[in-house]
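Single-structure report; data block below.
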Amino acid sequence: MACKMNIVFDNGTKMPALGFGTWRAPDDEVEKALNEALEAGYRHIDTAPVYMNEKTIGKVLKEWLDAGKVTRNELFVVTKLPPHGTRASSVEKFLKRSLADLQLEYVDLYHIHVPFTVPEVDGPFLMDDNGEIVLETTTDHVALWKAMEKVLEAGLARNIGLSNFNQRQIQRILDNCQIKPANLQIENHIYLQQPELVEFCKRNGITVTAYSPLGSKGIEQLLNRQVPDLLDNPVVKEIAQKLDKSAAQILLRHLLQRGISTIPKSTNSKRLRDNIDLFGFSIDDADMQRLNELDQNVRICDFGFFPGITKHPEFPF
Ligand SMILES: NC(=O)c1ccc[n+]([C@@H]2O[C@H](COP(=O)([O-])OP(=O)(O)OC[C@H]3O[C@@H](n4cnc5c(N)ncnc54)[C@H](OP(=O)(O)O)[C@@H]3O)[C@@H](O)[C@H]2O)c1
């Protein structure tokens with residue numbers, strides 16, 4: 001079972017529409033899960049330095065490449081510039097660090113993880129006396145994007161993109177860039193469909209990847225609040241029953257049929273296989289419409305785990 005659908009960037013690059021998410025997949029789980037994911041046909045892998053698993057991901061990818069079980073061209077590896085690196089002078093250093101950990105010469109897509117910046121320190125993020133995260137408020141997106149273009153020109157990244165940027169922030173980059181962002185990675189699912197932002201990206205030739213497509217189960221422990229259970233939505237469950245699929249498969253297929261790529265995370269053997277088994281069925285127009293109507297503009301991953309981050313001038317939401 002492989003991902004049989006590609007998202008094509010404006011420059012012709014093909015990215016498998018279904019990727020493997022790895023946030024909250026610690027080293028001891030991700031090694032086994034990534035092996036199983038590659039066996040199951042995943043070729044698009046999404047990671048980031050802040051997920052603290054790039055070294056293990058790199059080890060597994062090297063084993064697969066060295067054994068000739070996969071070629072580098074078949075893989076699509078995505079990583080991100082961390083929040084403590086969101087400044088022009090840090091881009092090359094952090095990308096080279098990720099490449100060393102991933103044991104790769106280039107990544108297929110390098111994202112700016114977030115539009116805001118926090119100071120670079122040894123160890124965890126700096127907190128102030130009020131328990132809020134210390135901010136670096138001099139974030140300069142235009143200079144930052146120039147540095148992103150430079151690492152692309154140097155061959156360290158084949159494509160460059162943005163994550164968690166809002167429309168105003170993206171427009172500013174479009175107005176000042178030589179190379180436009182190939183992809184925007186944002187939270188997207190039935191309860192946060194962001195039709196205007198998705199349409200804006202389509203109009204500007206920027207592809208969209210949905211993160212937290214299943215509602216990021218388990219995130220409530222990090223956020224310290226309840227979050228809605230997408231898998232329990234009655235419309236989703238009814239369509240799943242009708243098509244003899246799981247609720248997760250309906251949520252993922254809904255995104256693919258909207259032309260949005262997605263990167264569900266699972267370290268469970270059965271669930272990660274289910275999540276890529278999306279290519280032998282489709283949701284009809286009437287049910288797509290019912291799913292579209294579930295939008296409630298409810299954001300789950302609001303970065304509430306960075307207390308005080310909403311005070312940053314470039315906080316996007
Ligand atoms: N750019 C960003 O700022 C950003 C932010 C968030 C996420 N991401 C990326 O997007 C990926 C996906 O988002 P996410 O991890 O937040 O959430 P998600 O993929 O929506 O949900 C993951 C959770 O759902 C469970 N799950 C997976 N498949 C399932 C299934 N078929 N049925 C029931 N439960 C299932 C997983 O548990 P098990 O592992 O136990 O199956 C895990 O608890 C991340 O891993 C990361 O790569 C990016």
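Order of listing sets the numbers, starting from 1, for every ligand and every atom in it.
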Worksheet item: For the rings on H141 and F165, is their centre-to-centre separation under 6.0 Å?
Response: yes
Worksheet item: Does F20 reach ligand 1, in the sense of a heavy atom lying below 4.0 Å from it?
Response: no
Practice prompt. Not counting sequence neighbours, which residues clear salt bridge (charged side-chain N to carboxylate O under 4.0 Å, His left out) with K245? List them please.
Written response: none
Fill in: Option whose closest heavy atom lies nearest to atom 10 (O) of ligand 1, chosen from F303, Y51, Y211
Y211
Item to complete: If you have a sec, work out which protein heavy atom is nearest atom 29 (C) of ligand 1 and how many Å separate them, to one decimal?
Response: R271 CD, 3.4 Å
Item to complete: Give a yes/no on ligand 1: does S246 have at least one heavy atom closer than 4.0 angstrom to it?
Response: no
Worksheet entry | Ring centroid separation F315 to F303 under 6.0 Å | no
Discussion item. So for G215, does at least one of its heavy atoms come nearer than 4.0 angstrom to any atom of ligand 1?
Written reply: yes
Discussion item. As a check for students: among K265, Q249, K80, H113, identify the option with a heavy atom nearest to atom 22 (C) of ligand 1.
Written reply: K265
Worksheet entry | Basic-acidic side-chain contact under 4.0 Å: K59, E54 | no
Worksheet item: Should one rank I263, N53, V78 by closest heavy-atom distance to atom 12 (C) of ligand 1, which comes out on top?
Response: I263
Worksheet item: So which heavy atom in the protein is nearest atom 47 (O) of ligand 1, and how far is it from that ligand atom?
Response: D46 OD2, 2.6 Å
Worksheet entry | Contact (N/O only, under 3.5 Å) between A248 and ligand 1 | no
Discussion item. Under 4.0 Å between a side-chain nitrogen and a carboxylate oxygen: does that hold for D287 and K242?
Written reply: yes
Worksheet item: Does D274 come within less than 4.0 angstrom of ligand 1, counting non-hydrogen atoms of the residue?
Response: no
Worksheet item: Between E63 and K69, is the closest basic N to carboxylate O distance under 4.0 Å?
Response: no
Item to complete: Using a 4.0 Å heavy-atom threshold (strictly under), name the region of P213 that reaches ligand 1: side chain, backbone, both or neither.
Response: both
Worksheet item: Ring centroid separation for F20 and H44, is it under 6.0 angstrom?
Response: no
Item to complete: Between N275 and ligand 1, find which residue part has any heavy-atom pair under 4.0 Å and reply side chain, backbone, both or neither.
Response: side chain
Discussion item. If you compare all heavy atoms of L291 against all heavy atoms of Q193, which two are closest, and at what distance to 0.1 Å?
Written reply: O-NE2, 2.9 Å
